Trainee: 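A single structure is presented below for examination.
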Amino acid sequence: EVQLVQSGAEVKKPGESLKISCKASGYSFTTYWIGWVRQMPGKGLEWMGIIYPSDSDTRYSPSFQGQVTISADRSISTAFLQWSSLKASDTAMYYCARRIATAGGYYFDYWGQGTLVTVPS
Amino acid sequence: QSVLTQPPSVSGAPGQRVTISCTGSSSNIGAGYDVHWYQQLPGTAPKLLIYGNSNRPSGVPGRFSGSKSGTSVSLAITGLQAEDEADYYCQSYDSSLSDYVFGSGTKVTVL
């Protein structure tokens with residue numbers, strides 16, 4: 001059974017760093033791209049970036065380029081999303097999701113349960 | 001502002017049929033990229049509902065269906081049930097943005 005299990009909720013202060021994780025199981029971790037999606041309180045879904053764990057090839061949405069860093073550790077089948085200096089506007093739920101590629105495009109078939117990041121202003 | 005536009009809300013009585021539209025542009029839906037749909041129940045993660053415009057993953061009830069005709073895309077729920085009350089998002093790929101783009105989301109309310 002494919003599972004993506006994310007790390008627990010975090011409460012951080014502005015300016016602090018943070019690294020959240022997404023552990024994959026039930027499939028070959030290096031075979032599929034893993035994406036990260038942000039959902040701000042009461043808002044919709046925004047794609048942040050994606051990584052191919054086999055070679056750590058990473059792509060970022062222009063909206064998030066330079067704001068976050070995506071990485072992966074093949075030895076523990078885990079993808080990461082990190083911030084070097086958090087802002088109050090980073091308060092959101094963050095989801096990881098496995099990407100499927102087809103001739104017609106791409107979609108996300110399995111999702112993590114989400115990690116709530118709270119940065120009080 | 002989302003690249004794909006959906007109505008903010010739709011509602012229907014139990015047993016009725018509701019549809020949700022998803023409108024894009026020439027660099028995403030109009031360019032021929034497939035559209036996919038996700039259901040997000042309150043307080044939970046999104047779940048894949050429809051992929052490749054009209055395909056249901058295993059376990060998704062048959063009352064959910066997707067269609068695409070040209071640049072017109074929609075999700076239909078036939079025989080609406082109370083458990084269908086959720087937010088629904090369409091998603092595609094945009095070649096000019098090189099982005100995976102989501103719709104603005106539609107809240108379905110069962111009256």
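Letters A, B, ... mirror the listed sequences (proteins, then strands); counts begin at 1. None of these values were measured; they are calculated from a predicted model.
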Trainee: For residues Gln67(A) and Lys87(A), determine if any side-chain heavy atom of one lies less than 4.5 Å from a side-chain heavy atom of the other.
Mentor: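 With C-beta onward as the side chain, the pair touches.
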Trainee: Quick one: closest heavy-atom pair of Asn53(B) and Lys68(B), and the distance?
Mentor: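 Smallest interatomic distance, heavy atoms only, reads OD1-CD, 3.4 Å.
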Trainee: Answer with side chain, backbone, both or neither: which region of Ser98(B) has an atom nearer than 4.5 Å to a non-hydrogen atom of chain A?
Mentor: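 The backbone, not the side chain.
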Trainee: How about Leu4(B) and Ser92(B): do any of their side-chain heavy atoms sit closer than 4.5 Å?
Mentor: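 Heavy-atom side-chain distance check passes, below 4.5 Å.
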Trainee: Hey, does Asp94(B) have a side-chain heavy atom less than 4.5 Å from the side chain of Trp47(A)?
Mentor: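 Trp47(A) does not reach Asp94(B) side chain to side chain.
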Trainee: Non-hydrogen atoms of chain A under 4.5 Å away: do they reach the side chain of Tyr100(B), the backbone, both or neither?
Mentor: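 Answer is both: backbone and side chain atoms of Tyr100(B) are under 4.5 Å from chain A.
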Trainee: For chain A, which residues from residues 15-36 of chain B lie under 4.5 Å away (heavy-atom distances)?
Mentor: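 Heavy-atom contacts from residues 15-36 of chain B to chain A are Gly32(B), Tyr33(B), Asp34(B), His36(B).
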Trainee: Determine, step by step, whether Tyr107(A) and Thr102(A) satisfy the side chain to side chain contact (heavy atoms under 4.5 Å, CB included) criterion, reporting the C-alpha distance in whole Å, the side-chain angles of both residues, the deciding distance to 0.1 Å, and the verdict.
Mentor: CA-CA 8 Å; Tyr107(A) 62 93; Thr102(A) 70; 3.8 Å; yes
Trainee: Give every residue pair that meets the ring-ring contact (aromatic ring centres under 6.0 Å, His included) criterion with at least one member in residues 66-90 of chain A, sequence neighbours excluded.
Mentor: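 Every pair satisfying ring-ring contact (aromatic ring centres under 6.0 Å, His included) with a residue in residues 66-90 of chain A: Trp83(A)-Tyr94(A).
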Trainee: Could you list which of residues 102-111 of chain B have a heavy atom closer than 4.5 Å to any heavy atom of chain A, in residue-number order?
Mentor: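 Against chain A, the residues of residues 102-111 of chain B that fall inside the cut-off (heavy atoms, under 4.5 Å) are Phe102(B).
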Trainee: Could you pull out the closest heavy-atom pair between Ser54(B) and Gly66(B), with the gap in Å?
Mentor: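 For Ser54(B) and Gly66(B), the tightest heavy-atom pair comes out as CB-O, 3.1 Å.
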Trainee: Provide the closest heavy-atom pair for Pro53(A) versus Tyr32(A) in the form atom of the first, atom of the second, distance.
Mentor: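 Closest heavy-atom pair between Pro53(A) and Tyr32(A): CD-O, 3.2 Å.
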Trainee: Under 6.0 Å between the ring centres of Trp37(B) and Phe64(B)?
Mentor: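 No.
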Trainee: Quick one: is the NZ or CZ of Arg98(A) closer than 6.0 Å to the six-membered ring centre of Tyr27(A), and within 45° of its axis?
Mentor: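 Ring-cation test returns yes.
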Trainee: Met93(A), Arg59(A), Gln39(A): which one forms the most heavy-atom pairs within less than 4.5 Å of chain B?
Mentor: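 Between Met93(A), Arg59(A), Gln39(A), the count favours Gln39(A).
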Trainee: Quick one: SG on Cys96(A) to NZ on Lys23(A), what's the gap to the nearest 0.5 Å?
Mentor: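 These two atoms lie 12.0 Å from each other.
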Trainee: Please classify the contact between Ser61(A) and chain B as side chain, backbone, both or neither, with a heavy-atom cut-off of under 4.5 Å.
Mentor: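 Both backbone and side chain of Ser61(A) come within 4.5 Å of chain B.
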Trainee: List the steps, then state whether side chain to side chain contact (heavy atoms under 4.5 Å, CB included) holds for Ile50(A) with Phe108(A).
Mentor: CA-CA 11 Å; Ile50(A) 197 163; Phe108(A) 300 95; 4.2 Å; yes
Trainee: Give the minimum heavy-atom separation between Ser71(A) and Lys19(A), together with the two atoms involved.
Mentor: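 So the two residues come closest at OG-CE, 4.1 Å.
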Trainee: What's the verdict on side chain to side chain contact (heavy atoms under 4.5 Å, CB included) for Tyr60(A) and Thr69(A), showing C-alpha distance, side-chain angles and the deciding distance?
Mentor: CA-CA 9 Å; Tyr60(A) 294 93; Thr69(A) 300; 3.9 Å; yes
Trainee: Applying a heavy-atom distance below 4.5 Å, give me the residues of residues 42-51 of chain B that approach chain A, sorted by number.
Mentor: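 So far as heavy atoms go, Thr44(B), Ala45(B), Pro46(B), Leu48(B), Tyr51(B) are the residues that approach chain A to under 4.5 Å.
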Trainee: Ion pair present between Arg63(B) and Asp84(B), side-chain N to carboxylate O less than 4.0 angstrom?
Mentor: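 A salt bridge links Arg63(B) with Asp84(B).
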